[in-house]
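Lettering follows sequence order; numbering is per chain, from 1.
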Amino acid sequence: MTAPVDERPGRGFWVALTLGTPIMVYGAYGLVHQTGWPRSFAVARWLGAGLLLHDLVLVPIVVALVWAVGRTAPRWLCLPVRAGVLGTALIVAVAWPALRGYGNRPDNPTVHPLDYGSAVLTVLAILWAIVAAWSAVAWMRQPRPRPNA
Amino acid sequence: MATPRPRFTSAFHDERIAAALGIALGATFSICFATGVWSHLQQNPPSWFDPIARPAGLYRVTQGVHVATGIATIPLLLAKLWVVYPKLFRPVLSSIGVFLERVSLIPLVGGGIFLLFTGLANINLWYPWPFNFRSAHYWVAWITIGALVVHVGAKLTTTRAAFSRRVPLDPAVAPASSMDRRRFLALVAGASGMLTVFTIGQTVWPLRQLALLAPRRPDTGPQGFPVNRSAVAAGVVDVARDPDYRLVVEGRVRHPLSLSLAQVRAMPLHDAVLPIACVEGWSASRSWRGVRVRDLLERAGASPDARVRVHSLQQRLAYASSDLDPAQARDPDTLLALEVAGEPLHLDHGYPVRLIGPNRPGVQQTKWVTRLVVS
């Protein structure tokens, strides 16, 4: 039986806490001093919302995707397809402002100058070509039952 | 009776993977922090800091690295959070040390997500929040880096143990084989690499054709490079074209000047190849022609240690003026540019006159210049 993990932090933690806390306080003071309490609370809300969004929305979605691929794809195909699905989500998320035109200005066409639908599809095509090649290698390498002599 | 904890069967929730990703994140966040503070010092120099004029492309490099590293950090952070996710379900109140360590994760993780999201939105010029991006991003970076210092101290022992293969096994987590670890880390590195390849062309000219996910292209815009604020947005379309335009040099000078555009053009013109390097991470090197600021200062009888505030025709919005310290004002490549790539400046690039100098953030290459105040 495995022993439970001792999670109590060592002496290094207390030294780091002594060093890191004043830096955090400096940051918090600077934020409040420069932007005021209402804006600082707004920053805190966005910071907290990012945490909750990750823990309560993003991770469950990833768990569901990983699980769904595991249920539907053969074992040798699981990892490439999971990588492809998560890579697709990442690329779309990074390109989302450009895809939606967030930040566009009618007087400034140099912001988001490309057709980002086509650009993202091109990147995804490259990603899935890599996934296909990887899957082919995984299929060739998978263990097969030996035919009877 | 103890509450049963959920069991995580993925082999990727592994201490060694967590340690490797933690080291990578420590490096990328430190790079972003150092380059970010550098950018802040350049834009808001305190009394003890005089921005340097050389190397001319330094800001282009530091800000390009800042944005590229930030983008590459997105998969690293998501992967790290995935790997350590089971720890979210561990008891918090087993000791004061454990409690404080867990509390310090709120500014660390929350701050990390905040910095990457706001940074990504900023390079797209998208501001969906009610606070000032620059202040919030800068001060939250300090909070996050403080929390990172605490976290490094907390995880020093675990990380050492992970790499010396003396990892205490967590009964809630299945350990990964070395093949699993290598595969997972290679996938994360591949994701970071892919995002980098398809965005870094916004600042690395030879890779510009690959910048399919970048919000800017360094070869696209009037006269072949991008614009951050147009003449329409700055409200200077009419006043910049006014035939009565004057360039004024005043303040601590012996002979205040008020020059027409023709008089400015009649002065000795000099060429300089300098980058426009924006805080959003894009940059483009161009050949500029214009009047040296130091020639104007000498003609006006300013002292050699003069500081200069350069004012734009734009009356509202931020960055309507910028400062030149003595080293920048005296640099032979600091110009009031009239032309770029052999053509008169486009209105969106600052016609009739714009400031261009070595190692300056793009927002301080003031456009539509009308007045130099010497102090």
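Taking CH2 of A:Trp96 as the reference point, atom CG of B:Leu120 lies at 13.0 Å (rounded to 0.5 Å). A:Leu47 CG to B:Thr118 OG1: the interatomic distance, rounded to the nearest 0.5 Å, is 9.5 Å.
Residues A:Met24 and B:Ala147 come closest through the heavy atom pair CG-N, 3.5 Å. B:Phe114 and A:Val43 make their closest contact through CZ-CG1, 3.8 Å (heavy atoms, listed as atom of the first residue, atom of the second, distance). The minimum heavy-atom distance linking A:Pro113 with B:Arg216 is given by the pair CD-CA, 4.3 Å. Residues B:Val149 and A:Ala16 come closest through the heavy atom pair O-CB, 3.2 Å.
In this structure a side-chain-to-backbone donor-acceptor pair under 3.5 Å is present from A:Arg39 to B:Pro130. A distance-only check finds a donor-acceptor pair linking the side chain of A:Arg105 to the backbone of B:Leu125 [under 3.5 Å]. A donor-acceptor pair is defined here as one N or O able to donate and one able to accept, closer than 3.5 Å; no such pair exists between the side chain of A:Asn108 and the backbone of B:Arg229. Not one N or O on the side chain of A:Thr110 forms a donor-acceptor pair closer than 3.5 Å with the backbone of B:Gly221.
Residue contact with chain B, scored on non-hydrogen atoms closer than 4.5 Å, is absent for A:Val15. With a 4.5 Å cut-off on non-hydrogen atoms, A:Val25 does not touch chain B at all. Contacts between B:Ala141 and chain A at a heavy-atom distance below 4.5 Å are absent for every atom of the residue. Proximity to chain B involves both the backbone and the side chain of A:Tyr26, based on heavy atoms less than 4.5 angstrom apart. For A:Asp115, no part lies under 4.5 angstrom from a heavy atom of chain B. Proximity to chain B is absent for every atom of A:Leu86, based on heavy atoms less than 4.5 angstrom apart. Contacts between A:His112 and chain B at a heavy-atom distance below 4.5 Å involve backbone atoms as well as side-chain atoms. Contact annotation for A:Trp14: only side-chain heavy atoms (C-beta onward) come within less than 4.5 Å of a heavy atom of chain B. Within the 4.5 angstrom heavy-atom criterion, only side-chain atoms of A:Trp134, from C-beta onward, approach chain B. In this structure, chain B has a heavy atom under 4.5 Å from the side chain of A:Leu58, while its backbone stays farther away. For chain A, no part of B:Val197 is nearby; none of its heavy atoms comes within less than 4.5 Å. Contact annotation for A:Ala95: only side-chain heavy atoms (C-beta onward) come within less than 4.5 Å of a heavy atom of chain B. Within the 4.5 angstrom heavy-atom criterion, atoms from both the backbone and the side chain of B:Ile106 approach chain A. Both the backbone and the side chain of A:Leu17 come within less than 4.5 Å of a heavy atom of chain B. Heavy atoms of A:Pro109 lying under 4.5 Å from chain B are absent altogether.
Contact check for B:Met194 versus A:Leu90: no side-chain heavy atoms found under the 4.5 Å cut-off. Side-chain contact between B:Leu187 and A:Arg82 is absent, with no heavy atoms from C-beta onward closer than 4.5 Å. The shortest side-chain heavy-atom distance between A:Val111 and B:Trp126 does not fall under the 4.5 Å cut-off. The shortest distance between side-chain heavy atoms of A:Tyr102 and B:Pro215 does not fall below 4.5 Å. In this structure, B:Tyr85 and A:Asp55 have side chains that are in contact, with non-hydrogen atoms separated by less than 4.5 Å.
Heavy-atom pairs under 4.5 Å with chain A were tallied for B:Phe198, B:Phe117, B:Trp142; the largest tally goes to B:Trp142. Interface summary for chain A: among B:Ile113, B:Asn124, B:Ile74, the most heavy-atom pairs under 4.5 angstrom belong to B:Asn124. Across A:Pro106, A:Gly70, A:Pro97, the residue that shares the most heavy-atom pairs under 4.5 angstrom with chain B is A:Pro97. Ranked by non-hydrogen atom pairs under 4.5 Å with chain A, the options B:Gly112, B:Gly190, B:Pro128 are led by B:Pro128. Ranked by heavy-atom pairs under 4.5 Å with chain A, the first of B:Ala231, B:Ala214, B:Pro222 is B:Ala214. In terms of heavy-atom pairs under 4.5 angstrom with chain A, the leader among B:Pro75, B:Gly97, B:Ala121 is B:Gly97. Ranked by heavy-atom pairs under 4.5 Å with chain A, the list B:Leu100, B:Val152, B:Asp348, B:Asn132 is led by B:Leu100.
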Q | Residue pair A:Val59, B:Leu81: steps toward the side chain to side chain contact (heavy atoms under 4.5 Å, CB included) verdict | A | CA-CA 9 Å; A:Val59 172; B:Leu81 294 177; 5.9 Å; no
Q: Test side chain to side chain contact (heavy atoms under 4.5 Å, CB included) on B:Trp82 and A:Val63 and set out the steps.
A: CA-CA 9 Å; B:Trp82 167 259; A:Val63 168; 3.5 Å; yes
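Under a cut-off of 6.0 angstrom, the local environment of OH in B:Tyr127 is crowded, with over 12 non-hydrogen atoms contributed by other residues, nucleotides or ligands.
Residues A:Tyr29 and B:Trp139 place their aromatic rings such that the two centres sit no closer than 6.0 Å.
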